[in-house]
Amino acid sequence: MRAMGKTRRLMALGLCGAAVTAALASPAAQAAPEGRRDPGWALTGTGTDARFRGLAAVSRDAAWVAGSGGTVLRTADGGRHWRDVSPAGARELEFRDVEAFDQRRAVALAIGEGEASRVLRTEDGGRTWTESFRNTDARAFYDCLTFFDHRHGLAMSDPVDGRFRILSTSDGGRNWRVLPTAGMPAAQPGEAGFAASGQCLVSAGDKDVWLATGGAANARVLHSRDRGLHWTEAASGIPAGDPARGVFGLAFRDRAHGIAVGGDYRAGQASPDAAAVTGDGGARWHRSTTPPQAYRSGVAWLPRSRSSALAVGPTGTDLTRDGGRTWSAVDTGSYDTVDCTPDGGCWAAGERGRVARLR
């Protein structure tokens, strides 16, 4: 997709969906089968109106969020207090992804054309930040990043010279290099990633990584088993055919089982078949038989569960208990992204400074 078209698309994406008051005990939650109560979100006070599309959950008590106006916040007490740890001089940057290793170490991605795409990292809880990458290619536009462990990570850019561009680090984000594109399938005309939730590039295990696309004739999921050197492609089953449609978020609970969510991000537009599942690492995707009823940009597997996951978007949260095949609404609050931790913590973040923790 041409750079100017991507800018207009992201401007629209940043404005889509009106703010909705959270229903922390929605009728759908009250009607959970077998006496079970579905999850509900408890909002926390962030003291800002930034839109947070970047979210890194560290534990039930600790999380990082990153968003508009160069804003980065961190909590260590379950959201009772948020510390503003925004990088100095970053007000013009648009953070769309953040990955945290713990309460002190994190890597944040700013998106945009040319030099607006940057990577910053901190090792002292956000007191100081170091810029470790600044894009100097006007054709590149970075959308998402992911880490396999505390050293190895990748970032992805929209296609340059007809192929998605992958950036790699092996030292925790201190240094980055562009990977060769010989193993990357050719991009479709108009194809790009959506910098909507920090989940257009996700990993599982030591070497597996998946890349979500949209904006072209088909919404695809690309898969690499060797940390981004070689990729295979598969149709997601989520409708595309328009710059506003495609796969917006991915989540894998292991190397085989994954969920894709998306749709049409424009407010008021229908998003049929907005979710799909895979059980073979993304070689084949199957549409959910009962998908979420609207566009969803973020998705996460619930901790200690092999079948339950949450999907979020501007119009609410949906829950699946069968691995993504069927979904039901559990909350009407507006969120853009969601993340969960092994110790049972789940967080969601979105517009107007909204950050919530799962009750």
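FYI, side chains are in, hydrogens and waters are out, and symmetry mates aren't considered; it's all heavy atoms of this structure.
Under 3.5 Å, the side chains of W176 and S132 contain a donor-acceptor pair of N or O atoms. No hydrogens or angles considered: a donor-acceptor pair under 3.5 Å links the side chains of S203 and T146. No hydrogens or angles considered: a donor-acceptor pair under 3.5 Å links the side chains of D77 and T75. Counting only N and O atoms by type, the side chains of S271 and R245 include no donor and acceptor under 3.5 Å apart. Between the side chains of D124 and T122, at least one donor-acceptor pair of N or O atoms lies under 3.5 Å. At a cut-off of 3.5 Å, with distance as the only test, a side-chain donor of E191 or T213 sits close to an acceptor on the other residue. For the residue pair T337/D339, the side-chain donor-acceptor check at 3.5 Å is not satisfied.
Here the closest heavy-atom approach between residue G126 and residue W64 is recorded as N-CH2, 3.9 Å. The shortest non-hydrogen separation linking C346 to L302 is SG-CD2, 3.8 Å.
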V277 and H257: CA distance, side-chain angles, deciding distance, side-chain contact (heavy atoms from CB on, under 4.5 Å) verdict: CA-CA 8 Å; V277 299; H257 298 89; over 6 Å; no

Step-by-step side chain to side chain donor-acceptor pair (under 3.5 Å) determination, S308 to W301: CA-CA 6 Å; S308 296; W301 291 90; over 6 Å; no

Verdict with reasoning, R118 to E115, per salt bridge (charged side-chain N to carboxylate O under 4.0 Å, His left out): CA-CA 7 Å; R118 306 178 193 182; E115 294 191 4; 5.1 Å; no

Steps toward side-chain contact (heavy atoms from CB on, under 4.5 Å) verdict (L154, M156): CA-CA 7 Å; L154 302 175; M156 58 82 70; over 6 Å; no

Residue pair D242, R266: steps toward the side-chain contact (heavy atoms from CB on, under 4.5 Å) verdict: CA-CA 11 Å; D242 185 280; R266 294 171 295 191; 3.5 Å; yes

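Note on residues 159-270: pairs passing disulfide bond (SG atoms under 2.5 Å apart), not counting sequence neighbours, are C144-C200.
Paired with L250 under the rule side-chain contact (heavy atoms from CB on, under 4.5 Å), one option of T278, V221, L201, V261 passes, and it is V221.
Not one N or O on the side chain of S117 forms a donor-acceptor pair closer than 3.5 Å with the backbone of N135. Of the possible polar contacts, one joining the S297 side chain to the D336 backbone as a donor-acceptor pair under 3.5 Å is found. Panel note: side chain S224, backbone H230; a donor-acceptor pair is recorded below 3.5 Å. Looking only at distances, a side-chain donor or acceptor of R287 sits under 3.5 Å from a matching main-chain atom of G237.
Using a 4.0 Å cut-off between charged side-chain N and carboxylate O, R105 and E123 make no salt bridge. Remark: R354 does not engage E351 in a salt bridge, criterion side-chain N to carboxylate O under 4.0 Å. A salt bridge links D61 with R357: the closest approach of a Lys/Arg side-chain nitrogen to an acidic carboxylate oxygen falls below 4.0 angstrom. Comment: D206 does not engage R227 in a salt bridge, judged by the lack of any side-chain N to carboxylate O separation of less than 4.0 angstrom. A salt bridge does not link D102 to R104: none of the charged nitrogens lies less than 4.0 Å from a carboxylate oxygen. Here D280 does not pair with R255 in a salt bridge; the nearest charged N to carboxylate O distance is not below 4.0 Å.
Using cut-offs of 30° and 60° on the angle between ring planes, the pair W210 and F252 is parallel. Using a 30° and 60° split on the angle between ring planes, F248 and F194 fall in the parallel class, below 30°.
Ring-centre distance between F52 and F95: not below the 6.0 Å cut-off.
The closest side-chain heavy-atom distance from T315 to Y295 is not below 4.5 Å. Looking at D158 and Y142, their side chains never come closer than 4.5 Å, going by heavy atoms from C-beta outward. Residues V65 and W82 form a side-chain contact, since some pair of their non-hydrogen atoms from C-beta on lies under 4.5 Å apart.
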